[in-house]
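Here's the structure we're looking at; comments come further down.
Positions are given from 1 along the sequence.
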Amino acid sequence: MTNLELYELPGCPYCAKVIDKLNELDLDYESHEVPRSHSERTEVEAVSGQTGVPVLVDPDNGVEGMPESDDIVAYLEKTYGQ
């Protein structure tokens with residue numbers, strides 16, 4: 001069981017790429033849906049220092065707020081892939 005958290009926005013293609021990888025690797029995660037308006041994304045900004053999504057948090061491995069879908073997918077593959 002992992003403690004993964006994903007900050008995401010429904011309909012975001014970059015978020016979908018990360019969600020597809022999480023599902024492919026059969027990883028459980030807690031979803032945090034962020035507001036559409038960047039100015040209202042205070043929770044994700046506090047975690048990652050920016051307002052873009054997706055952002056991954058993996059406290060078990062010291063990841064406090066990883067942005068960029070390609071980086072997240074590569075991290076998930078390296079850390080949790082077979």
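Residues Pro10 and Arg36 come closest through the heavy atom pair O-NH2, 3.2 Å. In plain terms, the two heavy atoms of Lys17 and Ser69 that are nearest each other are NZ-OG, 3.8 Å.
When the side chains of ILVMFWY residues are joined at heavy-atom separations under 4.5 Å, either directly or via intervening members, Met66 and Leu25 end up in a single hydrophobic cluster.
Within the 4.5 Å cutoff, no side-chain heavy atoms of Val73 are placed close to those of Asp20. Residues Leu6 and Pro54 have side chains in contact (heavy-atom distance under 4.5 Å, counting atoms from C-beta outward).
Summarising the local packing, CD of Gln50 is surrounded by more than 12 heavy atoms from other residues, nucleotides or ligands at distances under 6.0 Å. Counting heavy-atom neighbours within 6.0 Å of Glu68 CD, excluding the residue itself, gives a total of 12 or less. Counted within 6.0 Å of OH on Tyr80, heavy atoms from surrounding residues, nucleotides or ligands total more than 12; the atom is thus considered enclosed. Annotation: Asn23, atom CG; neighbour count of heavy atoms from other residues, nucleotides and ligands within 6.0 Å is above 12.
Rounding to the nearest 0.5 Å gives a distance of 8.0 Å between SG of Cys12 and CD1 of Ile19. Taken from CG in Asp58 to OH in Tyr75, the straight-line distance is 3.5 Å, to the nearest 0.5 Å. To the nearest 0.5 angstrom, Leu9 atom CG is 5.5 Å from Arg41 atom CZ. With values rounded to the nearest 0.5 angstrom, Thr79 atom OG1 is found 12.0 Å from Ile72 atom CD1. Glu45 contributes atom CD, which lies 6.0 Å from atom OG1 of Thr51 (distance to the nearest 0.5 angstrom). The CG atom of Leu4 lies 6.5 Å from the CG atom of Leu22; values are rounded to the nearest 0.5 Å.
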- Message: As a quick check of understanding, evaluate side-chain contact (heavy atoms from CB on, under 4.5 Å) for Val57 and Val63, giving each step before the final call.
- Response: CA-CA 5 Å; Val57 176; Val63 175; 5.9 Å; no

- Can Val18 and Lys21 be said to form a side-chain contact (heavy atoms from CB on, under 4.5 Å), step by step? CA-CA 5 Å; Val18 173; Lys21 181 54 66 176; 5.7 Å; no

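Note on ring orientation: taking the six-membered ring where Trp is involved, the planes of Tyr7 and His32 are parallel (angle under 30°, cut-offs 30° and 60°).
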